[in-house]
Amino acid sequence: MTQTDESELIDKAKAVLARNWLGASTKPAPQLYPHQWSWDSAFVAIGNAHYDQKRAEQELTTLFRGQWANGLLPHILFNPKASQYFPGPDFWQTERSPHASRDPKTSGIVQPPIHATAVFRVYHHAQDKRQAAAFLAELYPRLVAWHDYLYRERDPNREGLVYIRHPWESGEDNSPVWDRALKRMKLTKDMVPPYKRADTSIVSSKDRPSDDDYDRYAYLVKLFYDRDYDEGRIRKDCPFLIQDVLFNSILAQADRDLASIASLLGKDPTPHHEAARRTTEAINTKLWSKADGIYFDFDLVANEKIESHVASGFAPLFAMAPTAERAEEIMALLNSRHFARLGEHAYTVPSYDREAPGYSPNRYWRGPIWININWLLFHGLRHYGYHDYARRVRQSIIELPKSYGFYEYFDPQAGQGHGSDSFSWTAALLLDVLLEEEL
Ligand code: 2M8
């Protein structure tokens with residue numbers, strides 16, 4: 001890529017983020033996602049950090065305004081000016097919880113906890129370190145409360161692994177990993193609260209989850225508000241409780257970044273290092289499959305591993321969990337016809353095994369490439385010294401939006417974009433890899 005091409009691409013990516021700016025935070029996409037989403041905002045801040053410190057900080061401080069009194073960081077902060085999204089604030093009924101934020105209104109579930117990592121990166125890139133230190137001091141107690149919430153409420157057996165209780169909490173909503181748990185829910189009409197989808201009038205229904213899945217998503221939300229968002233009661237009755245590889249890998253790295261933040265503030269980093277150690281150890285002991293060379297989620301209701309080959313099963317690389325020997329076993333599967341072989345003409349990394357039944361190059365989280373998963377794997381691969389593969393993943397992060405537009409996800413063979421155009425984290429993470437030093 002020439003310098004001119006590169007600076008044009010950078011300008012285009014910045015324009016996507018500028019277009020999606022809501023005044024104090026960034027929406028993930030112009031129409032499909034009109035509110036503030038939790039992990040999207042963290043990725044956006046990681047991109048912004050390279051050229052607009054103030055905006056990067058504001059993105060995250062705005063997000064934490066929606067934090068609940070018990071530490072829960074909600075997955076959506078609702079934009080009162082936008083109504084075209086299901087489920088909106090009325091559906092969530094979070095006012096039933098004594099802990100919920102009243103203003104802004106929020107959802108009642110969470111998303112992968114990449115926030116401490118984002119906060120640390122914003123500090124790292126800051127030009128004005130005094131301002132950035134004040135930002136760290138403001139967010140540190142909130143991040144601590146967030147991680148405390150996860151370990152206190154979502155890890156009842158103190159295993160070091162936290163559970164998710166809704167596919168939306170994974171961030172990978174329509175992943176095949178949830179299929180069995182969702183099918184297990186036998187629903188009758190009266191169990192599903194009335195609702196109307198908004199997504200399929202904006203993007204193709206071929207790319208999105210099915211109506212049956214949406215019934216289950218809605219049913220779970222009802223189960224939460226019927227129990228006033230009391231985690232003990234939810235845990236007792238919820239048919240969907242899963243220890244997710246991606247969520248816990250992100251948490252382990254975030255614990256480490258929280259430790260770095262604590263040290264910068266002159267506080268004791270030890271508890272955060274200890275949390276990271278316990279979580280990585282539990283990922284390695286409970287979630288690893290030696291036979292397959294990948295990590296599997298664990299279903300706490302069925303008490304079994306979910307043996308599905310998804311790209312986020314490689315996410316422990318990002319958490320630096322595997323030994324070097326285990327990383328070799330992972331590479332044997334990643335660098336194969338199941339995902340993407342080095343030297344073969346395909347973009348990396350498809351979200352689902354290309355040889356698995358149900359693989360689709362265009363259906364939401366069932367095969368297409370997602371830039372955020374690529375970004376996590378890129379960092380993991382680089383850490384383990386797989387530079388050729390890491391370079392290839394980095395190239396996909398750049399090439400796909402450059403050739404096909406700033407889409408939400410991409411076909412691994414054809415490259416074509418799907419879902420929403422002008423998608424924020426695609427732009428933000430492209431900016432991050434372009435503006436970071438070259439490999
Ligand atoms: C998608 O999820 C939302 C629900 O949270 C949806 O489908 O309506 C996911 O890709 C999720 O990871 C992402 O944060 C969100 C906004 O980009 O969209």
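Counting starts at 1 for both ligands and their atoms, following the listed order.
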* Does the gap between the ring centers of Tyr149 and Trp68 come in under 6.0 Å? -> no
* Taking side chain as C-beta onward, heavy atoms only, is Asn174 less than 4.5 Å from Pro167? -> no
* Structure fact -> One should read off an interatomic distance between His50 NE2 and Asn48 CG, to the nearest 0.5 angstrom, of 9.5 Å
In a simple table, one pair per line, please give the protein and ligand 1 atom names for every N or O pair closer than 3.5 Å, along with the distance.
unit_1   : atom_1 : unit_2 : atom_2 : d
ligand 1 : 2 (O)  : Asp173 : OD2    : 2.7
ligand 1 : 2 (O)  : Tyr364 : OH     : 3.2
ligand 1 : 5 (O)  : Trp37  : NE1    : 3.0
ligand 1 : 5 (O)  : His75  : NE2    : 3.0
ligand 1 : 7 (O)  : Asp173 : OD2    : 3.3
ligand 1 : 7 (O)  : Arg208 : NH2    : 3.0
ligand 1 : 7 (O)  : Tyr364 : OH     : 2.5
ligand 1 : 8 (O)  : Tyr85  : OH     : 2.5
ligand 1 : 10 (O) : Tyr364 : OH     : 3.4
ligand 1 : 10 (O) : Trp365 : NE1    : 3.2
ligand 1 : 12 (O) : Trp39  : NE1    : 3.0
ligand 1 : 12 (O) : Gly171 : O      : 2.5
ligand 1 : 14 (O) : Trp39  : NE1    : 3.1
ligand 1 : 14 (O) : Asp40  : OD1    : 2.5
ligand 1 : 14 (O) : Gln111 : NE2    : 2.9
ligand 1 : 17 (O) : Asp40  : OD2    : 2.7
ligand 1 : 18 (O) : Tyr33  : OH     : 3.4

* To do: Could you tell me whether the side chain of Phe64 reaches within less than 4.5 Å of the side chain of Leu73, counting heavy atoms only?
  => yes
* Is it true that Asp148 and Arg152 make a salt bridge, defined as a side-chain N closer than 4.0 Å to a carboxylate O? -> no
* **CA sep, side-chain torsions, deciding dist, call: Asn20, Phe423, side-chain contact (heavy atoms from CB on, under 4.5 Å)** => CA-CA 8 Å; Asn20 290 337; Phe423 192 66; over 6 Å; no
